[in-house]
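Note sheet for the following structure.
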Amino acid sequence: MIPESTTRRKPATGLTPLIDVVFILLIFFMLVVQFSEYQQVPMTVVTTTTAPVQDNQDHWIITIAGDGACRLRQIDMSCEAALSALPESLVNPVVLGIADTARLGDAIDLQTRLIERGHDVSFGLAGEAPQP
């Protein structure tokens, strides 16, 4: 038999080291996180059940492809060339079509450049017109 004086007692766990570790982790994450302002970009969202708008003299559609290239009036070109091909003043907004494989960042960049040139911008999905 083991005498009672030699029995081992489980040491008490103190909360002080736990609180210290939590504060150190809190300070670490506060220093690591980058605080930055997020810029809000105004977007026009149009929901419709009609056929897509076709290019004509009143509507200008710029479509962004997956590789970052643009298409204006069914002609493939760079986005900078598409921007310079737009007239200075337009009655209707420029419709910015986004292909399925296009990056959203490219669309936002192009939208920002269009707004800086004074154009109104609407977004649309690039696709074929539905066949009757």
Side-chain angles (χ1 to χ4, degrees):
M1 254 179 94
I2 301 175
E4 287 186 35
S5 62
T6 60
T7 58
R8 293 188 175 180
R9 297 184 89 193
K10 191 174 184 180
T13 306
L15 289 178
T16 304
L18 179 65
I19 292 172
D20 290 342
V21 169
V22 169
F23 279 125
I24 289 172
L25 288 174
L26 180 65
I27 291 170
F28 172 76
F29 286 117
M30 285 175 59
L31 293 175
V32 169
V33 172
Q34 295 178 357
F35 295 101
S36 62
E37 286 187 30
Y38 293 101
Q39 181 180 3
Q40 293 183 354
V41 178
M43 297 177 70
T44 305
V45 179
V46 178
T47 57
T48 182
T49 57
T50 60
V53 176
Q54 301 297 321
D55 274 333
N56 60 33
Q57 294 301 74
D58 295 332
H59 295 92
W60 290 77
I61 300 173
I62 299 177
T63 304
I64 301 176
D67 58 355
C70 290
R71 183 180 195 104
L72 177 67
R73 303 260 174 176
Q74 307 302 324
I75 300 170
D76 292 328
M77 60 181 69
S78 69
C79 291
E80 200 58 45
L83 286 173
S84 61
L86 290 174
E88 290 298 319
S89 60
L90 296 173
V91 177
N92 293 326
V94 175
V95 178
L96 190 56
I98 305 171
D100 291 340
T101 57
R103 296 185 329 201
L104 184 59
D106 292 339
I108 298 298
D109 289 341
L110 186 57
Q111 178 203 21
T112 303
R113 293 189 348 219
L114 283 165
I115 290 172
E116 287 172 352
R117 291 179 181 226
H119 298 295
D120 291 329
V121 181
S122 293
F123 278 94
L125 295 176
E128 299 296 322
Q131 300 298 324

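Heavy-atom contacts from other residues, nucleotides or ligands closer than 6.0 Å to CZ of R103 number 12 or fewer.
In this structure, the side chains of R117 and L114 stay at 4.5 Å or more apart for every pair of heavy atoms. The shortest distance between side-chain heavy atoms of L83 and L110 falls below 4.5 Å.
Atom CG in L104 sits 6.0 Å away from atom CD1 in I98 (nearest 0.5 Å). Rounded to the nearest 0.5 angstrom, I19 CD1 and I24 CD1 are separated by 12.0 Å. One finds the SG atom of C79 at 7.0 Å from the CG atom of D106 (value rounded to the nearest 0.5 Å).
Considering only residues two or more places apart in sequence or on other chains, L18 meets the side-chain contact (heavy atoms from CB on, under 4.5 Å) condition with L15.
When all heavy atoms of A65 and A99 are compared, the pair lying nearest together is CA-CB, 4.1 Å. Summarising the geometry of C70 relative to A82, their closest heavy-atom pair is CB-CB, 4.3 Å, with the distance given to 0.1 Å. Nearest approach of L72 to I61, heavy atoms of both residues: CD1-O, 3.6 Å.
Under the side chain to side chain contact (heavy atoms under 4.5 Å, CB included) rule, M30 has a single partner from I27, L26, V32, which is L26.
Under a hydrophobic clustering in which Ile, Leu, Val, Met, Phe, Trp and Tyr are joined whenever their side-chain heavy atoms come within less than 4.5 Å, directly or via other members, I75 and L96 fall into the same cluster.
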